[in-house]
2 protein chains.
Amino acid sequence: MKNEDEPKDKRLKPGDAQKLTMAEVAKYVGVSAMTVSRAFRQDASVSEETRKRIMEAVDALGYVLDLSAGSLSSRRSGFIAALVPSINNSNFSDTARGITDALQNTGLQLLLGYTDYSAEKEEELIEAMLRRRPEGIILTGGSHTARARRMLAKAGIPVVETWELPENPINQVVGFSNGEAMALLVRTLAGQGYRKFGYIGGTTARDTRGSQRRSGFQKTVEELGLGPGRMISFGVPPITMEQGGQAIVSLLERWPDTEVVLCVSDLSAFGAIMECTRRGMKVPRDIAIAGFGDYEISSICHPRITTINVDCYGIGRQAAARLLDALHTGNSTGDEITLTGYKVVLRESTDRNGAPSA
Amino acid sequence: MKNEDEPKDKRLKPGDAQKLTMAEVAKYVGVSAMTVSRAFRQDASVSEETRKRIMEAVDALGYVLDLSAGSLSSRRSGFIAALVPSINNSNFSDTARGITDALQNTGLQLLLGYTDYSAEKEEELIEAMLRRRPEGIILTGGSHTARARRMLAKAGIPVVETWELPENPINQVVGFSNGEAMALLVRTLAGQGYRKFGYIGGTTARDTRGSQRRSGFQKTVEELGLGPGRMISFGVPPITMEQGGQAIVSLLERWPDTEVVLCVSDLSAFGAIMECTRRGMKVPRDIAIAGFGDYEISSICHPRITTINVDCYGIGRQAAARLLDALHTGNSTGDEITLTGYKVVLRESTDRNGAPSA
DNA sequence: CGACAGGATGATATCGATAACAATTTGAAG
DNA sequence: CTTCAAATTGTTATCGATATCATCCTGTCG
């Protein structure tokens, strides 16, 4: 018989912690292990009285269920994986929170990874995740390596791509067109009379959403007959606040008469605005600046930043909801596309009447 | 005997995806399952030639290792758990990144959870995590429910508490004294001649680090003979940028002659500064404002914000390093305290000479 | 030439729960 | 008093990998 007390030896080997098993709880209560197992789930048929006795024993002994054993047997790992480009970006962490909230009371847990905007890192993470047999997986964007696609196809679990509308969706999609959203912003500002448009974004195509916004900008500026846009590329995505400040300096050196500058995100827009302020330029009097993403900062800072509001949290909730649907109906081949909303939020940083609150 | 082919039926049940097992790979190659298992690990003794054949087969068949089975057998789950108050706060996501980076090439994965600054939610998460048998756990702060403490003690895995110096450490600690750090900031500013100190923080004690900063402020202001501090409590932690703006309004209504205001975090300091700017007050000419945490925004915005720089990333790296040490030596009872650095960063928002860059 | 060390591989039991089915009990209806 | 359905509980096999020990093979050295 094992001794119930802590061993004298305080040394700890990875394996020997928490030796308590379900069978020992069962013996303690005087039932079978199967009954203990049932007591842990609400659906199972165990008499209230037995369950109470078991739960008291669990408490007394300090037993903690071992899901890794259970998931092997039930073939249900009990979690879903989500990969986001950066954990340090409140847009994506809002999405993560949406997923977590949608998973409440489903018995599913979120396993989060971040790819640093790299498809190679994404591939590695997908493999690492699949080794733990998630019941579904949520990805950001539609750009994946060939091997990643193969692994996902083989895994046979529902996949949801988010935050954009991929050309070749793997499975389900919850997102919006970044190009269209940026185009809408261009059209709105053009409608206010702006003519000379500049754009600030990162240097590479790693950030596919950034690239889509950029081409949405360029295409629309040309469609409206406003000549080729004045584009500055600066820094490796994700472009920081500081890089936004440096980029606007380059842009204004090259095209001093620019009237309005659109930025790939609010963060770079904020950096740009602060740099202008620091150099004695007034926004929007001397130059108008807009962002993308409607981060908290944009409604707080001075001047407040015109931007595209994206339903980040909703993307997370809906992605998780689609996944739960697929798991519930057992249908993983429904290649549905769920469009999420976005809207232009006009604020002080592009106001035609100069600083309105001053 | 099982049928090797995919079923005709495209419907997907949780269990029947990815039917491929190690044994099937083994049969395909003409070796035993054990040899395949060895091929997946670098230490094991398998001839290079056999390993190569196995890996080719793995590629060809699209086999993905199943860690949940392996961890049951080896009694090593292969991950460590970390709980942070909020995923949406760049200080904590820097810590998470530090942990992830330190875990590179250790074969350990990070399982992240967030507690929303609630000890009850933390307790739930700890239980959820322990059910997956993490090899170690990293917590934020030293405030836990009694049951959480019991579960952790019973689990017999190394625990690292971070971001503060708990009075009753469970095991290891990696952090700093939030009270001392705030005290240092008060003393520094008092040394510059400031006399009438205000403070902005959240309303409840949920955020223990916030409470420690608050009492560090109060104690130091009194020690310096600067009378009781002017304290405004506003909003439930984590206090937002917007609440920072509202709080400064209350504070100035009540104590219009306040010279300098310290905020529980840079985010509320930023909100306060923007609100002042919007109301036509100049920072620091009319009032000086400082924050805590040295968020990216504080070195970018105008005026730049005086703050305490905390080694968030280093906290994560060191916490993970301590955990790896403990796992390696097998000693979980080393109740060591690792102090991490912090420093005052003086910037424009508290400059005695008014706006220096203008 | 025999013996033995050491590398490579295989066979079997096992990790700790759950699925599937069997057995038992209880209670209501006939 | 039987009978049968429903509720409750137990038994056994199993999930897919790995620990452990056994076996086989090769080459070297006295």
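Chain letters run A, B, ... following the sequence lines, proteins first, then strands; residues in each count from 1. Remember, it's a predicted structure, so these values are computed and weren't measured experimentally. Reckoned from all heavy atoms, side chains included, excluding hydrogens, waters and symmetry mates.
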Practice task
Give A:Ser71 one of three labels, base, sugar-phosphate or nothing, depending on what nucleic acid heavy atoms sit under 4.0 Å from its own.
Solution key: nothing
Practice task
Assign A:Val31 to base, sugar-phosphate, or nothing according to its heavy-atom contacts below 4.0 angstrom with the strands shown.
Solution key: sugar-phosphate
Problem - Toward the 5' end of DNA chain C, by each residue's nearest nucleotide, B:Glu48 or B:Ala69 - result: B:Glu48
Problem - Residue whose nearest DNA chain C nucleotide is more 5′ - B:Leu72 or B:Gly30 - result: B:Gly30
Completion exercise
Side-chain contact check for B:Asp66: nearest option of D:dT8, D:dA17, C:dG16 is D:dA17
Fill in the blank from the handout: A:Ser47 has its side chain closest, among C:dG10, D:dT9, C:dC15, to D:dT9
Would one find a side-chain N or O of [X] under 4.0 angstrom from OP1 or OP2 of [N]?
X: B:Ser73; N: D:dA17; answer: no
X: B:Thr50; N: C:dT9; answer: yes
X: A:Thr35; N: D:dG10; answer: yes
X: B:Ser45; N: C:dT9; answer: no
X: A:Tyr63; N: C:dG16; answer: no
X: B:Arg41; N: D:dA19; answer: yes
X: B:Arg75; N: C:dG16; answer: yes

Problem - From CD1 (A:Ile157) to CD1 (A:Ile137), nearest 0.5 Å - result: 5.5 Å
Handout entry: Spatial distance of atom CD1 (A:Ile54) from atom CD (A:Glu49) [nearest 0.5 Å]
Key = 9.5 Å
Report the distance from atom [atom1] of [X] to atom [atom2] of [N], rounded to the nearest whole Å.
X: A:Glu24; N: C:dC15; atom1: CD; atom2: P; result: 11 Å
X: A:Arg131; N: D:dA17; atom1: CZ; atom2: C1'; result: 13 Å
X: B:Leu67; N: D:dC15; atom1: CG; atom2: P; result: 19 Å
X: B:Met34; N: D:dA17; atom1: CE; atom2: P; result: 11 Å
X: A:Met22; N: D:dG10; atom1: CE; atom2: P; result: 14 Å
X: A:Lys27; N: C:dG16; atom1: NZ; atom2: C1'; result: 15 Å

Fill in the blank from the handout: Nearest heavy-atom contact between A:Gly316 and A:Ile99 is O-CG1, 3.5 Å
Practice task
Give a yes or no on whether the backbone of B:Val31 and the side-chain of B:Thr35 come within a donor-acceptor separation of less than 3.5 Å.
Solution key: no
Practice task
Answer yes or no: is there a donor N or O on one side and an acceptor on the other, between the side chain of A:Gln104 and the main chain of A:Asp101, under 3.5 Å?
Solution key: no
Does a side-chain N-to-carboxylate-O contact under 4.0 Å join [X] and [Y]?
X: A:Asp66; Y: B:Arg131; value: no
X: B:Glu124; Y: B:Lys121; value: no
X: B:Glu24; Y: B:Lys19; value: no

Extract from the structure each pairing of a protein N or O with an N or O of nucleotides 22-28 of chain D at less than 3.5 Å, listing the distance.
none

